[in-house]
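Note that these values count all heavy atoms, side chains included, but never hydrogens, waters or copies made by symmetry.
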Amino acid sequence: MRIEIIIPGKISKHLVPAQEFYEEKISRFAKVEVSFVPLGGDINTLDPKVIISKESEHILKRLRDRKYTLIDLWGKQMTSEEFAQYIDKAFMKDSELVFVIGGPLGIDETLRKNATERISFSKMTFTHEMCLILLLEQIFRGFKILKNEKYHY
């Protein structure tokens, strides 16, 4: 089983330990790879639509026509148990699960329309970096649920 998370930019230094913590925890269950693609440009000098479009191009290049799940503010909200079942069903169909997280300014409508599924963590807006940490945590929690293991130590 393989999970890839595609996200524009890079993660801030203060969040790297959380990313590494969850990647290590998930490795018991699946191979997880976070793929950072270039940001679309400088928000101080470029039109936001241009930036989002460029980020979309980078994401699409990385996707190589694969199916993906989009983490999206307007996506479906799930409980952790429902998300665990989503992971389980996805791996019954395929050996790979790909997630896409938009950049700091959001996501291109083309990526939104072509997503296999759109999942929202909340009606609140989070930074793309925090979405990565939340997604990693929920993936780990999902595997613990599926294996009927306790989450807290």
Side-chain angles (χ1 to χ4, degrees), residues 1-27 29-80 82-87 89-91 94-144 151:
M1 293 188 294
R2 182 177 181 277
I3 298 171
E4 182 175 6
I5 303 168
I6 302 170
I7 180 171
K10 58 183 179 181
I11 194 161
S12 298
K13 287 180 189 175
H14 69 283
L15 294 174
V16 170
Q19 176 188 347
E20 291 172 348
F21 174 82
Y22 285 112
E23 286 174 341
E24 182 181 333
K25 294 287 188 186
I26 294 166
S27 70
F29 307 104
K31 181 179 180 348
V32 66
E33 177 184 358
V34 178
S35 300
F36 294 101
V37 297
L39 288 169
D42 184 353
I43 61 171
N44 297 308
T45 59
L46 290 176
D47 182 277
K49 290 179 183 175
V50 171
I51 293 171
I52 290 171
S53 177
K54 285 183 179 181
E55 288 172 355
S56 177
E57 289 173 22
H58 296 306
I59 291 168
L60 288 168
K61 184 178 178 182
R62 179 70 195 177
L63 281 169
R64 300 179 306 273
D65 295 322
R66 293 177 291 167
K67 294 178 184 178
Y68 60 94
T69 300
L70 180 66
I71 304 303
D72 185 21
L73 182 62
W74 295 279
K76 178 182 176 182
Q77 291 189 10
M78 299 179 180
T79 65
S80 294
E82 290 168 334
F83 184 70
Q85 289 306 311
Y86 178 77
I87 291 170
K89 287 178 185 172
F91 280 127
D94 203 342
S95 62
E96 178 181 61
L97 181 55
V98 180
F99 292 95
V100 171
I101 299 172
L105 299 177
I107 198 76
D108 186 80
E109 200 57 38
T110 304
L111 284 169
R112 187 172 280 124
K113 288 178 185 174
N114 293 326
T116 305
E117 183 73 61
R118 293 171 28 217
I119 296 174
S120 172
F121 291 141
S122 170
K123 291 180 181 180
M124 290 187 228
T125 302
F126 298 106
T127 65
H128 63 296
E129 297 172 302
M130 287 304 299
C131 283
L132 172 61
I133 302 304
L134 290 170
L135 178 56
L136 288 168
E137 190 278 336
Q138 284 299 301
I139 291 168
F140 173 60
R141 184 180 295 269
F143 279 121
K144 296 289 276 185
Y151 181 82

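Between Ile107 and Arg112, the shortest heavy-atom contact is CG2-NH2, 2.9 Å. Nearest heavy atoms, Pro104 versus Glu55: CD-OE2, 4.0 Å. Closest of all the heavy-atom pairs between Thr110 and Tyr68 is O-OH, 4.1 Å. For Phe121 against Cys131, the heavy-atom pair with the smallest separation is CE1-O, 3.6 Å. Nearest heavy atom pair, residue Leu73 against residue Ser120, reads O-OG, 3.2 Å. Considering every non-hydrogen atom in both Pro38 and Pro8, the closest pair reads O-CB, 4.2 Å.
Sparse packing is recorded around CD of Glu24, with 12 or fewer heavy atoms of other residues, nucleotides or ligands lying under 6.0 Å away.
Of the charged side-chain nitrogens involved, at least one lies within less than 4.0 Å of a carboxylate oxygen, so that Arg141 and Glu137 count as a salt-bridged pair.
At least one side-chain heavy atom of Leu111 sits less than 4.5 Å from a side-chain heavy atom of Leu63. Side-chain contact between Leu136 and Phe99 is absent, with no heavy-atom pair separated by less than 4.5 Å. Between Lys123 and Gln77, some side-chain heavy-atom pair lies under the 4.5 Å cut-off. A heavy-atom distance below 4.5 Å is not found between the side chains of Val37 and Lys61. In this structure the side chain of Leu132 reaches within 4.5 angstrom of the side chain of Phe36, judged on heavy atoms.
Between the side chain of Gln19 and the main chain of Ile11, no donor-acceptor pair closer than 3.5 Å is present. Under the 3.5 Å distance criterion, the side-chain polar atoms of Tyr86 are left unmatched by any main-chain donor or acceptor of Gly142. Remark: the backbone N or O of Leu15 is not paired with any side-chain donor or acceptor of Ser12 at under 3.5 angstrom.
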**Request:** I would like to know whether Ile5 and Ile71 meet side-chain contact (heavy atoms from CB on, under 4.5 Å); could you show each step before the answer?
**Result:** CA-CA 10 Å; Ile5 303 168; Ile71 304 303; over 6 Å; no

**Request:** Take Lys54 and Leu46 through the side-chain contact (heavy atoms from CB on, under 4.5 Å) test and state the conclusion after the steps.
**Result:** CA-CA 11 Å; Lys54 285 183 179 181; Leu46 290 176; 4.3 Å; yes

**Request:** Could you go through the salt bridge (Lys or Arg N to Asp or Glu O under 4.0 Å) check for Glu4 and Arg66 one step at a time?
**Result:** CA-CA 11 Å; Glu4 182 175 6; Arg66 293 177 291 167; 2.8 Å; yes

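When only modelled atom types and interatomic distance are considered, Gln138 and Ser80 share a side-chain donor-acceptor pair under 3.5 Å.
We find the CD1-NZ distance between Ile51 and Lys49 to be 13.0 Å, quoted to the nearest 0.5 Å. Taken from CD1 in Ile139 to CD1 in Ile3, the straight-line distance is 4.5 Å, to the nearest 0.5 Å.
With sequence neighbours excluded, the residues that form a ring pair (Phe, Tyr, Trp, His ring centres under 6.0 Å) with Phe29 are Phe143.
Annotation: salt bridge (charged side-chain N to carboxylate O under 4.0 Å, His left out) contacts involving residues 31-40, sequence neighbours excluded, comprise Arg2-Glu33, Glu33-Arg62.
Partner Thr69 forms a side chain to side chain contact (heavy atoms under 4.5 Å, CB included) with one of Leu135, Val98, Leu97 and no other, that one being Leu97.
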